2 protein chains.
Amino acid sequence: MAEPGTRERLVDAAIHLLSEGGPDSVQARKLAADVGVSTMAVYTHFGGMGGLVEAVARTGFDRFNTRLAEVPRGTDPVEDLFRLGDAYREYALGSPNLYSVMFGISAPAGHRLAGGDVTSDGPGEHLPEGQEAFGQLETVVSRAMHAGRLRTGDPAAVAGQVWSAIHGYVLLEIAGYFGELGRGMDIVGTPIAINLVIGLGDTGDAARASAQRVWGG
Amino acid sequence: MAEPGTRERLVDAAIHLLSEGGPDSVQARKLAADVGVSTMAVYTHFGGMGGLVEAVARTGFDRFNTRLAEVPRGTDPVEDLFRLGDAYREYALGSPNLYSVMFGISAPAGHRLAGGDVTSDGPGEHLPEGQEAFGQLETVVSRAMHAGRLRTGDPAAVAGQVWSAIHGYVLLEIAGYFGELGRGMDIVGTPIAINLVIGLGDTGDAARASAQRVWGG
DNA sequence: CATTCTTCCATAACGGTGTTATACATGGCC
DNA sequence: GGCCATGTATAACACCGTTATGGAAGAATG
């Protein structure tokens, strides 16, 4: 493999700093010192800290996508959907700061993804890598519809519902609203997965059986 | 009413700046200039920008709680739950930057609520005002259980599921993932509300009827 | 009333941040 | 050799949060 260039080393250092010390420790001077270059490298390669944060989010989504793609697909599409959600949560909780940056939720020193304001369009359309993760959800949802487990409808709309539930749950668990980590999954995470799938057309027995194969209990 | 003191004026100015120019425009110097005092006022009253951000989040939750409390309660607890969710969304979308600060999701110039890192416990336990909003959800959920609309169980656990769904949906809509604002409600927001309630024990007909009274269609 | 103490704020400075202007080094190309 | 493009080091600039210092105003105390 080719020797990593300065650009890649800067992104790696940023991700490392992000996971170690949070968003505030991702600073141009610290990055440059870690990589062994001057702060100018940030500007020749990314045009500024904002561009570097975008690159961080992009590689975060890349790893996220491959992680989701590695989840084995079986014969039960609802079980696959649950496993996908589980991998989603594991990734988000494994690197919560990176996950926050990916969704423009948190950002080093005021360098958000799309403008400084939360409402400026948002990173929704700006990162095609983000759409890819959504596409994986959509595919499994579509399979579940064809298998007769979920009511037939627009897979994108249903995937949006699933995404909302996972995203919200994960963020609240990261923020500590469900007490000690792990406990939230039993009383909120698993139930919301089962209940949403039931509302989407699955039977209670089938949903619980699929969940049991993923989370036990 | 008493003349507002410097402390209240600082918080108001911060909330105003937050909604106008986003988190990055909430700066000690700008706050002081707006109120007509020096930056020292921030330190005598709040100990620093971090304390001011916490005060902002606190008053944000206060307004949030009264807003939710103003939602009229009727005879149909599921309808009430939908109306609560609708008011929740309206508040979050009405002041998305404030909402983000309330949940420690975004913060001016690296001044998060509980430490600089996303994972440092989170603001979950630190803001009792946040628990009050959750309590309002829990009460309505409990009423829906006693009315036979939702399966009997732990109201707090069920409220946690409802909260996850709303929180996730609202954040994704703010981030622009559902296209133009408003459209997301039709294809994702309303369906997830109905489907989650069905999964929690309500019948499809009853859930759709309650939703129809809130959102029409 | 005089004195002291407390509270609050203005001024000015300090350290640290992202950013930028400038100059230099390097390597490919004609 | 001459030339240009690319990437980087240095040093400075503007801005930010923060803090040390001192002063003003009022309450508390004798």
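A quick note: this is a predicted structure, and the numbers were derived from the prediction, not measured.
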Chemist: Which comes earlier along DNA chain D counting from the 5' end, the contact point of Lys30(B) or that of Ser38(A), where each point is its nearest nucleotide?
Modeler: Ser38(A)
Chemist: Check every strand shown and say whether Gly50(A) touches a base, only sugar-phosphate, or nothing at a heavy-atom separation below 4.0 Å.
Modeler: nothing
Chemist: Given dT19(C), dT19(D), dT8(D), which nucleotide is nearest the side-chain atoms of Thr39(B)?
Modeler: dT19(D)
Chemist: Using 30° and 60° as the class boundaries, would you call the ring planes of His167(B) and Phe103(B) parallel, tilted or perpendicular?
Modeler: tilted
Chemist: What is the distance, to the nearest angstrom, from the CG atom on Leu10(B) to the C1' atom on dC9(C)?
Modeler: 11 Å
Chemist: Rounded to whole Å, please give me the gap between CE in Met49(B) and C1' in dT18(D).
Modeler: 11 Å
Chemist: Any chance the rings of Tyr169(A) and Tyr177(A) have centres within less than 6.0 Å?
Modeler: no
Chemist: Starting at CD of Glu8(A) and ending at P of dG7(D), how long is that distance when rounded to a whole Å?
Modeler: 12 Å
Chemist: For His45(B) and dT7(C), is the shortest distance between a side-chain N/O and OP1 or OP2 below 4.0 Å?
Modeler: no
Chemist: Could you please name the option among dG18(C), dT19(D), dC9(C) that lies closest to any side-chain atom of Ala28(A)?
Modeler: dG18(C)
Chemist: Expressed in angstrom and rounded to an integer, what is the separation of Tyr43(B) atom OH from dT11(C) atom P?
Modeler: 17 Å
Chemist: Whole-Å distance between dC16(D) P and Leu31(B) CG?
Modeler: 11 Å
Chemist: What's the CZ-C1' distance between Phe46(A) and dG7(D), to the nearest Å?
Modeler: 14 Å
Chemist: Select one nucleotide: of dA10(C), dT20(C), dG18(C), the one nearest the side-chain heavy atoms of Met40(B).
Modeler: dA10(C)
Chemist: What I'd like to find out is whether the side chain of Tyr99(A) reaches to under 4.5 Å of the side chain of Leu93(A), using heavy atoms alone.
Modeler: no
Chemist: Figure out the CG/P separation between Asp24(B) and dC15(D), and round it to whole Å.
Modeler: 16 Å
Chemist: To the side chain of Val37(A), which of dT18(D), dT20(C), dA9(D) is closest?
Modeler: dA9(D)
Chemist: Would you kindly check whether a donor in the side chain of Arg29(A) faces an acceptor in the base of dG16(C), or vice versa, at under 3.5 angstrom?
Modeler: no
Chemist: With a 4.0 Å limit, can you tell me whether Thr6(A) has a side-chain N or O closer than that to the phosphate oxygens OP1/OP2 of dT8(D)?
Modeler: yes
Chemist: May I ask you to verify if any side-chain N or O of Thr44(A) is less than 4.0 angstrom from the OP1 or OP2 atom of dT8(D)?
Modeler: yes
Chemist: Over how many whole Å does the gap from Gln27(B) atom CD to dG16(C) atom P extend?
Modeler: 20 Å
Chemist: Taking NZ, NE, NH1 and NH2 as the nitrogens, is one of them in Arg213(B) or Asp86(B) under 4.0 Å from a carboxylate oxygen of the other?
Modeler: no
Chemist: Which one of Asp12(A), Asp24(A), Val26(A), Asn97(A) satisfies the side-chain contact (heavy atoms from CB on, under 4.5 Å) criterion with Leu17(A)?
Modeler: Val26(A)
